[in-house]
A.B. asks: 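Shown below is the structure under consideration.
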Amino acid sequence: MCISTDEFYGLRIRVCLRCVKVKSEATLETVQEIAVYLHRFHNLDLFKQGWYQIKITVRWEDSENVCFGIPASIVQYEGLVSPACSWVFRIMCISTDEFYGLRIRVCLRCVKVKSEATLETVQEIAVYLHRFHNLDLFKQGWYQIKITVRWEDSENVCFGIPASIVQYEVPPDLDPSSIYGVWRIDDTDNSFSTQSFRIKYARQDVHLDLMIVFNLRRNNLVDLATTAVILKFELIYAPMTEHGVELDLPLDASSAAIHEFRIPPKALVGLHSYCPVHFDALHAVLVDVSVHASILKVASHSFASKLPSNSANTEVIADQSSDTSNKVSLTDCCVADQGSAVLVKVLSASRDILLEELQKIGRAINEALDFSEFVSIVSNMKQENQLANEVIGQGKPHNGRKGGNEDLDFQDVEKFCSLSQNELMDCFHSLGDQLSYLWKTFLKFHRDNKTKIMGVLHETWIRERKTEWSIWMLYSKVEMPHQYTNSKGDETSQRTAKRAVSLWKLPDDPIQIAATRAELHRKSIEQMRINNRSIQDMQIFGDPLRTPIVIVEHVLNVPRRFPSENSLLRHIGHIDSDGFPLSLNYDSIAKKFAQPSNDRVLKIVVFVHGFQACLGHHLDLRLVRNQWLLIDPKVEFLMSEANEDKTFGDFREMGNRLAKEVILFLKIKMDKASRFGSLADIRLSFVGHSIGNLIIRSALADSIMEPFLSHLHTYVSVSGPHLGYLYSSNSLFNSGLWFLKKLKGTQCIHQLTFTDDPDIQNTFLYKLCQQKTLEHFRNIILLSSPQDGYVPYHSARIESCQAASRDTSKKSKLFMEMLNACMDQIRANSTLHRVFMRCDVNFDPSTQGKNLDSIIGRAAHIEFLDSDIFAKFIMWSFPDLFR
């Protein structure tokens with residue numbers, strides 16, 4: 001399962017053969033060995049100049065049972081060297097096609113170049129495939145992962161070559177019937193493909209335990225400072241048949257889904273990162289991957305530039321321009337010295353980063369690393385070259401993560417330019433030897449501690465999400481008003497809340513202000529140059545201007561004040577960067593509600609869909625569910641089906657059906673959990689879309705849910721009309737509601753528009769706001785969008801609106817009563833700290849186009865269900881709220 005090429009003047013092939021335990025029987029077997037020795041190629045009378053190659057095939061003569069010989073050993077006796085020039089050989093293709101043997105096709109590319117000492121490096125990209133986890137694949141069948149590595153430069157496509165493939169171990173619980181074929185390397189693009197594995201059920205795990213190391217040559221077309229690497233993962237699918245895999249459809253014929261990542265130039269100098277691969281919304285999986293990058297020394301000889309090619313066997317022509325460029329003498333080569341100095345500087349930074357990361361990972365997993373041999377290598381540097389030793393240092397890591405990363409601005413290249421060419425060569429070879437040792441040490445260390453290292457990198461990835469994705473997120477902090485009033489209320493109420501009204505005066509148009517703020521931030525992103533030391537998900541970073549902008553508003557839940565406390569904003573100066581009081585952060589929340597390690601906590605999340613005319617399917621919120629499962633794999637979820645195709649009726653009936661469905665699900669899970677010991681606690685969370693939020697609140701108001709109210713944990717409202725459509729400003733949508741009310745059996749539309757009773761105080765929604773449906777949740781997150789015309793902006797955010805604040809009628813008074821009743825439930829008391837956030841999601845309008853859906857505001861309403869990037873931003877920035 002492992003083939004490695006490590007030399008340019010020969011081949012060293014390490015082969016790990018896969019063993020299968022079978023019944024031992026006495027048999028007599030022989031093998032026919034055919035040894036073919038190629039001594040010389042002599043041109044007698046070829047008509048054409050060009051590149052030639054010899055291909056050898058061995059097979060039995062029997063035509064009915066074609067059986068080819070397998071190259072079991074390939075030996076290059078000696079390198080081909082002439083006095084005037086050197087021949088450089090390169091492995092372009094390695095292919096495995098058998099379970100119990102290897103068939104290796106080797107195409108040796110040779111380029112005749114002028115022999116001259118140069119400094120050359122190779123980019124190593126190590127990709128470790130740990131596990132394939134099925135989150136939400138729609139089809140059973142055979143799946144396969146294909147990996148391609150290439151330079152980002154589109155004009156000169158150059159693919160990475162799999163130089164080493166190591167199967168760490170065969171999982172002990174592996175079902176032989178669930179694996180088909182072997183891993184392969186494609187000749188065309190040097191891509192690597194795993195074995196095919198069968199997926200039969202949801203949340204199925206397939207352990208891969210594969211390390212693939214790709215080599216990318218750095219030639220004069222590759223700029224160290226600006227050229228990135230594209231890492232491409234493809235999901236290959238073939239359906240299952242009665243006989244297993246569909247052999248008529250090659251597994252590499254088409255890709256079911258693609259997920260690409262970009263490794264920026266700074267990260268190529270040194271990178272050790274967790275890299276989750278999810279593919280797309282229709283193929284939701286989790287492939288646990290870690291990516292490791294470093295720069296290594298190749299050799300002290302020249303290479304011609306690699307030209308674009310569509311195949312490994314494409315004709316290669318030597319770069320004739322090298323004859324001119326190499327004529328520059330070493331004494332007057334200012335440009336050449338600059339390039340060599342930059343290269344040595346990059347190697348120095350790469351060494352420091354690799355050494356620092358090795359030590360950091362070793363400390364994190366409590367495994368000591370032996371660097372005695374590395375110290376010996378450093379001490380054996382030429383002592384007579386004190387200047388070189390001083391310039392490149394002794395391999396001491398930098399303090400902090402940035403380490404050698406800051407060196408990539410090339411500001412300190414002058415000290416390297418002060419060295420002679422021989423001193424630069426000494427530095428290059430010394431750093432190259434150190435890097436080679438450290439890289440091999442890391443690969444061996446990773447193999448011995450793969451699971452621990454994956455865990456450390458995963459935890460680091462989680463901690464860095466908020467910072468990494470902060471480009472598209474804006475944060476603000478406000479204090480919850482004690483009471484909303486209209487601006488023209490009675491004189492008594494104005495005197496009572498005079499200061500509060502002045503501080504919480506509504507802007508002229510909150511919707512327009514929110515949209516403008518997001519658009520201005522989107523324009524500022526256009527001016528950014530993103531080049532950090534983190535691997536970049538191209539679904540997010542591919543086109544930064546099309547990524548949703550999320551504005552997070554932390555509402556501080558301070559207790560009610562006494563009249564003597566005259567500062568509404570006195571808590572603002574005592575909050576942390578996340579918008580919480582300094583005495584309350586996520587760590588303190590986790591400690592406050594954390595259960596002892598030996599207690600079992602049953603965590604259940606209920607997802608409730610919206611109106612059936614918009615979609616109204618129980619799987620509408622599956623993208624949010626998938627993100628929740630990634631944050632907490634142990635959570636149990638219920639995709640509510642009780643009201644599917646029944647959302648035209650009375651909200652009370654829909655709430656009762658949901659309550660019964662939730663209680664039945666709870667009892668099943670509680671009975672199952674009790675078989676494994678006592679149950680310490682239950683955490684019941686809800687996620688609703690559109691009117692599904694009113695169905696949730698109606699269910700919580702039902703008396704049969706009362707025993708479970710104390711176990712409510714997190715509530716996520718996705719564009720929910722909590723205050724109805726009393727002040728809806730979308731005339732087109734209002735016309736649609738008027739038409740629906742003319743139809744029979746549309747009771748919920750009457751309830752949403754407060755026409756189910758002549759007296760607003762007797763309407764369903766007014767009474768629902770008076771019931772305590774929100775006060776038991778520890779975390780409340782309200783998602784809204786100013787582009788959503790289906791749900792009034794203020795209604796989704798549970799706040800006042802301009803029309804209501806200026807209205808002096810009874811309708812406005814009753815609206816304020818509803819709003820204040822809801823806010824009183826959300827407002828924290830002195831014994832419970834509640835997290836309350838409003839999150840505005842601003843989608844890229846260009847993706848929605850100009851159609852009826854975008855005009856009436858339906859496009860953004862449905863975008864909440866079709867996109868999961870906004871959910872990633874919010875949920876991974878505050879993961880403790882979803883655990």
Side-chain angles (χ1 to χ4, degrees), residues 604-622 624-625 637-667 684-709 712 715-726 736-737 740-741 743-757 762-774 776-777 782-783 790-792 795-796 798 818 822 825 861-862 864-865:
I604 294 176
V605 186
V606 182
F607 297 85
V608 184
H609 60 80
F611 191 52
Q612 63 194 62
C614 291
L615 279 181
H617 192 272
H618 70 280
L619 294 178
D620 281 355
L621 290 164
R622 64 185 182 84
V624 179
R625 175 205 63 187
F637 61 86
L638 169 63
M639 310 298 290
S640 175
E641 301 181 50
N643 293 296
E644 205 168 52
D645 300 326
K646 301 175 184 177
T647 54
F648 276 106
D650 192 320
F651 276 111
R652 299 180 186 89
E653 297 175 359
M654 290 187 278
N656 181 259
R657 285 194 291 265
L658 175 62
K660 291 179 179 178
E661 184 184 27
V662 171
I663 291 174
L664 178 61
F665 186 81
L666 274 167
K667 288 182 177 179
L684 182 59
S685 300
F686 285 87
V687 182
H689 175 249
S690 191
I691 67 168
N693 292 284
L694 297 182
I695 298 175
I696 292 172
R697 292 173 59 193
S698 299
L700 296 177
D702 199 300
S703 59
I704 62 175
M705 283 294 295
E706 185 174 355
F708 302 97
L709 295 181
L712 296 179
Y715 174 44
V716 180
S717 167
V718 183
S719 194
H722 295 278
L723 301 177
Y725 290 81
L726 202 59
L737 291 178
L740 287 175
K741 286 192 290 185
L743 303 176
K744 292 183 179 180
T746 56
Q747 178 67 11
C748 70
I749 305 299
H750 288 278
Q751 292 173 331
L752 285 170
T753 55
F754 297 87
T755 58
D756 53 321
D757 193 277
N762 293 328
T763 59
F764 160 77
L765 206 49
Y766 181 88
K767 292 182 178 180
L768 181 65
C769 291
Q770 308 303 318
Q771 293 177 293
K772 309 299 183 181
T773 59
L774 299 175
H776 294 285
F777 285 106
L782 305 179
L783 272 62
Y790 262 34
V791 174
S795 189
I798 311 184
M818 293 169 51
C822 290
Q825 299 173 45
H861 192 69
I862 301 302
F864 278 114
L865 307 179

A.B. asks: Taking only residues two or more places apart in sequence or in another chain, which ones pass salt bridge (Lys or Arg N to Asp or Glu O under 4.0 Å) with Asp757?
C.D. replies: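 Partners of Asp757 by the salt bridge (Lys or Arg N to Asp or Glu O under 4.0 Å) criterion come out as none, since no residue qualifies.
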A.B. asks: Can you confirm whether Val718 sits close enough to Ser690 that some side-chain heavy atom of one is under 4.5 Å from a side-chain heavy atom of the other?
C.D. replies: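 No, side chains not in contact.
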A.B. asks: Ring centroid separation for Phe764 and Phe651, is it under 6.0 angstrom?
C.D. replies: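 Under 6.0 Å, so yes.
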A.B. asks: Does Gln771 use its side chain to pair, donor to acceptor, with the backbone of Leu700 at less than 3.5 Å?
C.D. replies: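 Not at all, since once roles are kept as given, no pair shorter than 3.5 Å links the two residues.
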A.B. asks: Could you report the tightest heavy-atom contact between Cys822 and Leu723, atom names first, then the distance?
C.D. replies: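 Result for this residue pair: SG-CD2, 4.3 Å.
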A.B. asks: Which pair of non-hydrogen atoms, one from Gln825 and one from Thr773, has the smallest distance, and what is that distance?
C.D. replies: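 For Gln825 versus Thr773, the nearest heavy atoms are OE1-N, 2.9 Å.
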A.B. asks: For Asn693 and Ser717: C-alpha separation, side-chain torsions, deciding distance, then whether side chain to side chain donor-acceptor pair (under 3.5 Å) applies.
C.D. replies: CA-CA 6 Å; Asn693 292 284; Ser717 167; 3.2 Å; yes
A.B. asks: Less than 4.5 Å apart, any side-chain heavy atom of Phe637 and any of Ile604?
C.D. replies: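 Heavy-atom side-chain distance check fails, nothing below 4.5 Å.
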A.B. asks: Is there side-chain contact between Glu653 and Gln747, with heavy atoms separated by less than 4.5 Å?
C.D. replies: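 No. Closest side-chain heavy atoms not under 4.5 Å.
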A.B. asks: Let me see the working for Ile663 and Phe708 under side chain to side chain contact (heavy atoms under 4.5 Å, CB included), right down to the final yes or no.
C.D. replies: CA-CA 9 Å; Ile663 291 174; Phe708 302 97; 3.9 Å; yes
A.B. asks: Could you pull out the closest heavy-atom pair between Leu621 and Met639, with the gap in Å?
C.D. replies: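 For Leu621 and Met639, the tightest heavy-atom pair comes out as C-CE, 4.1 Å.
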A.B. asks: As a quick check of understanding, evaluate side chain to side chain contact (heavy atoms under 4.5 Å, CB included) for Phe665 and Val606, giving each step before the final call.
C.D. replies: CA-CA 10 Å; Phe665 186 81; Val606 182; 5.8 Å; no
A.B. asks: Are Leu783 and Ser719 close enough that some pair of their side-chain heavy atoms sits under 4.5 Å apart?
C.D. replies: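 No, every pair of side-chain atoms sits at 4.5 Å or beyond.
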A.B. asks: Do you know which two heavy atoms are closest between Val791 and Ala796, and how far apart they sit?
C.D. replies: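 Looking at all heavy atoms of both residues, the closest pair is CG1-CB, 4.0 Å.
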A.B. asks: Between Ser795 (side chain only) and Gly724 (backbone N and O only), is there a donor and an acceptor less than 3.5 Å apart?
C.D. replies: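 Yes, because the side chain of Ser795 sits within donor-acceptor range (under 3.5 Å) of the backbone of Gly724.
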A.B. asks: Determine, step by step, whether Arg625 and Val605 satisfy the side chain to side chain contact (heavy atoms under 4.5 Å, CB included) criterion, reporting the C-alpha distance in whole Å, the side-chain angles of both residues, the deciding distance to 0.1 Å, and the verdict.
C.D. replies: CA-CA 8 Å; Arg625 175 205 63 187; Val605 186; over 6 Å; no
A.B. asks: Which atom pair, heavy atoms only, marks the closest approach of Gln770 to Met818?
C.D. replies: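 Scanning both residues, the minimum pair turns out to be NE2-CA, 4.2 Å.
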A.B. asks: Would you mind reporting whether Phe686 and Phe777 have side-chain heavy atoms less than 4.5 Å apart?
C.D. replies: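 Counting from C-beta outward, Phe777 and Phe686 do come under 4.5 Å.
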A.B. asks: From Glu644 CD over to Arg657 CZ, what is the distance, rounded to the nearest 0.5 angstrom?
C.D. replies: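 The CD atom of Glu644 sits 12.0 Å away from the CZ atom of Arg657.
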A.B. asks: Hey, does Phe611 have a side-chain heavy atom less than 4.5 Å from the side chain of Ile749?
C.D. replies: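 Answer yes - side chains close enough.
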A.B. asks: Is a side-chain donor or acceptor of Asn643 paired with a backbone partner of Met654 at a separation under 3.5 angstrom?
C.D. replies: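 Side chain of Asn643 to backbone of Met654: a pair is present.
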A.B. asks: What is the ring orientation for His689 with His861, classed by angle as parallel under 30°, tilted 30 to 60°, or perpendicular over 60°?
C.D. replies: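 Plane angle between 30° and 60°, so tilted.
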A.B. asks: Taking the ring centre of each residue, are Tyr725 and Phe754 less than 6.0 Å apart?
C.D. replies: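 Ring centroids of Tyr725 and Phe754 are no less than 6.0 Å from each other.
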A.B. asks: Quick check: closest heavy atoms across His609 and Asp620, and the distance to 0.1 Å?
C.D. replies: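 For His609 versus Asp620, the nearest heavy atoms are CB-OD2, 3.8 Å.
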A.B. asks: To the nearest 0.5 angstrom, please state how far the CD1 atom of Ile798 sits from the CG atom of Leu774.
C.D. replies: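 Going from the CD1 atom of Ile798 to the CG atom of Leu774 covers 5.5 Å.
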A.B. asks: If you define the side chain from C-beta out and look only at heavy atoms, does anything of Leu658 sit under 4.5 Å from Val608?
C.D. replies: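 Contact flag for Leu658/Val608 side chains = yes.
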A.B. asks: Between atom NE2 of His722 and atom CD1 of Ile691, what is the distance when rounded to the nearest 0.5 Å?
C.D. replies: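 If I round to the nearest 0.5 Å, the distance is 12.5 Å.
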A.B. asks: Quick one, Ser640 with His618, criterion side chain to side chain donor-acceptor pair (under 3.5 Å). Give me CA distance, side-chain angles, the key distance, then yes/no.
C.D. replies: CA-CA 6 Å; Ser640 175; His618 70 280; over 6 Å; no
A.B. asks: Establish, from distance only, whether the side-chain atoms of Asp650 and Gln751 form a donor-acceptor pair under 3.5 Å.
C.D. replies: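 Judged by distance alone, the side chains do pair up.
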A.B. asks: Report the distance from atom NZ of Lys660 to atom CG of Asp702, rounding to the nearest 0.5 Å.
C.D. replies: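 If I round to the nearest 0.5 Å, the distance is 8.0 Å.
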A.B. asks: With a 3.5 Å distance limit and no angle check, can you tell me whether Glu661 reaches the backbone of Asn656 through a side-chain donor-acceptor pair?
C.D. replies: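 No.
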A.B. asks: Do Leu752 and Leu694 come close enough that some side-chain heavy atom pair is under 4.5 Å?
C.D. replies: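 Yes, side chains in contact.
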A.B. asks: Could you check Cys748 against Thr647 for side chain to side chain contact (heavy atoms under 4.5 Å, CB included), going step by step and ending with a plain yes or no?
C.D. replies: CA-CA 7 Å; Cys748 70; Thr647 54; 5.7 Å; no
